[in-house]
Amino acid sequence: MDFITLKRCKVYGYTGCLDFEKEKGQYFYVTCKLGISSIEGKLTDRLEDTIDYASIFEIIKDTVESSRFNLIEKLASEISFRVLKNDSRIEEVHVLVEKPDAPVDGDFDAMMVEISQTRSEICHKAVLSLGSNMGDRQENLQQAIDLLRGNKEIDKLRFASLYETQPVGYDDQPDFLNTCVEFETTLTPHELLLFTQSIEKTLHRVKTIVNGPRTIDLDILLYGTQRYDDNDLVIPHPRMYERAFVLRPLNELGLYEGEIPEDKYVRKIEESLI
Ligand code: X6L
Ligand code: MG
Ligand code: MG
């Protein structure tokens with residue numbers, strides 16, 4: 001393991017339990033140690049083959065300046081979370097936050113906390129169902145996958161074959177092409193939802209008829225083993241186990257072993273995504 005350390009970065013911020021700390025602010029010192037399995041730049045001597053410490057300094061400065069937490073524990077954890085999300089080459093982060101002017105009556109150098117976080121703690125396996133039944137269906141699915149791959153917080157993406165499927169829910173529309181994709185991500189479930197919605201916008205999805213035709217549809221099926229129940233997002237997807245167009249590609253990815261309902265047809269096709 002190789003390490004890069006930003007030592008005692010002096011930044012102004014507004015974290016503290018007392019009102020005046022949140023209003024007036026104070027200086028903090030942040031030390032941040034990044035663990036990278038092997039820094040390529042030590043051989044190539046190229047800036048792009050390492051983690052630019054200037055970019056990490058920006059994250060520290062921005063987080064400390066813009067947050068108003070009660071605890072420096074929370075501030076340290078937010079810094080480490082943002083640093084890990086910023087570059088997938090970083091495997092672990094140690095953050096030390098010092099508060100030299102903490103409102104404590106007595107003689108001390110600084111109050112401080114140290115926290116550490118590893119990539120595996122914030123990285124989750126996500127599984128999506130993709131479908132299209134308007135325009136060039138295969139091209140739409142391909143573009144959706146290219147956009148997913150283009151996100152630096154998405155890694156190790158794999159996808160199932162393409163399946164031509166009969167519409168479910170609203171019959172009077174063209175057949176779909178469906179598939180499923182699995183990847184690792186540091187996006188939170190809500191961030192992932194916003195990202196899939198932005199892909200639907202980019203690929204000109206227009207919501208007119210409920211359950212009706214669409215250029216592209218991306219549904220979040222699974223996010224690690226976590227359960228989620230937010231107003232606009234429920235994970236696992238509540239109806240995924242009723243739909244052959246979801247379960248067939250899921251089975252192909254080794255993510256589902258059970259029964260598959262056979263009411264509507266689902267036919268694996270020869271062409272495939274790249
Ligand atoms: C009763 C009432 C029974 C509604 C089923 C099922 C509604 C599925 C919506 C339902 C009901 C859905 C796709 C699709 C849709 C797709 C195929 C939906 C949402 N999306 N059919 N229908 N592929 N083959 O991606 O899944 S609309
Ligand atoms: Mg859907
Ligand atoms: Mg949807």
Side-chain angles (χ1 to χ4, degrees), residues 124-149 151 154 157-183 185 187-224 226-253 255-256 258-273:
H124 296 88
K125 273 215 166 76
V127 182
L128 311 187
S129 166
L130 272 56
S132 168
N133 74 339
M134 278 176 73
D136 186 336
R137 301 173 302 169
Q138 182 169 339
E139 181 59 24
N140 293 337
L141 293 169
Q142 183 68 58
Q143 285 191 24
I145 283 184
D146 292 344
L147 289 165
L148 288 166
R149 276 206 197 99
N151 188 311
I154 289 180
L157 181 142
R158 58 192 193 102
F159 48 81
S161 305
L162 292 170
Y163 292 79
E164 184 149 58
T165 70
Q166 233 175 338
V168 185
Y170 178 80
D171 291 345
D172 187 18
Q173 60 177 326
D175 283 357
F176 282 80
L177 277 190
N178 285 108
T179 189
C180 285
V181 303
E182 183 206 51
F183 49 79
T185 188
L187 295 170
T188 63
H190 189 68
E191 286 172 336
L192 182 57
L193 177 66
L194 292 178
F195 186 56
T196 58
Q197 287 170 342
S198 82
I199 293 176
E200 291 180 345
K201 271 218 183 72
T202 303
L203 298 183
H204 306 112
R205 174 163 182 187
V206 186
K207 293 189 177 169
T208 40
I209 309 166
V210 175
N211 297 333
R214 66 283 301 271
T215 55
I216 194 73
D217 176 40
L218 297 99
D219 293 329
I220 303 172
L221 302 177
L222 301 167
Y223 184 89
Q226 285 175 238
R227 303 192 69 80
Y228 247 82
D229 200 340
D230 206 352
N231 301 324
D232 51 350
L233 180 61
V234 181
I235 303 174
H237 194 291
R239 288 168 303 281
M240 62 180 282
Y241 296 107
E242 299 158 15
R243 296 169 185 176
F245 71 79
V246 172
L247 297 177
R248 280 245 176 274
L250 216 50
N251 172 266
E252 187 187 326
L253 290 176
L255 300 170
Y256 178 76
E259 291 277 305
I260 296 176
E262 284 292 355
D263 48 338
K264 306 271 181 168
Y265 73 72
V266 169
R267 184 172 61 84
K268 183 166 157 175
I269 67 172
E270 282 308 312
E271 285 111 305
S272 115
L273 300 169

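Atoms within each ligand, like the ligands themselves, are counted from 1 in listed order. Scope of the values below: all heavy atoms of this structure, side chains included, with no hydrogens, waters or symmetry mates.
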Legend entry - Within reach of ligand 1, part of Arg214 (heavy-atom separation under 4.0 Å): side chain
Legend entry - Gln166 and ligand 1 - part of the residue with a heavy-atom distance under 4.0 Å: backbone
Inset, instruction - Within a distance under 4.0 Å of any heavy atom of Thr165, pick out the atoms of ligand 1 and give their elements. - result: 17 (C), 23 (N), 24 (N)
Legend entry - Glu259 atom CD, neighbour heavy-atom count above 12 within 6.0 Å: no
Legend entry - Whether over 12 other heavy atoms sit under 6.0 Å from Arg227 CZ: no
Inspect the contact between [Y] and [X] and indicate whether a charged nitrogen and a carboxylate oxygen are less than 4.0 angstrom apart.
{"X": "Lys268", "Y": "Glu164", "result": "no"}
{"X": "Lys207", "Y": "Asp217", "result": "no"}
{"X": "Arg248", "Y": "Glu262", "result": "yes"}

Legend entry - For the Mg ion (ligand 3): the N/O/S atom of Asp219 at shortest distance: OD1
Legend entry - Heteroatom of Asp217 nearest to the Mg ion (ligand 3) (N, O or S, atom name): OD1
Inset, instruction - Could you tell me whether Arg243 and ligand 1 have an N or O pair separated by under 3.5 Å? - result: yes
Inset, instruction - Assess Asn178 for proximity to ligand 1: is some non-hydrogen atom of it under 4.0 Å away? - result: yes
Legend entry - Closest protein heavy atom (residue, atom, distance) for atom 4 (C) of ligand 1: Gly169 CA, 4.2 Å
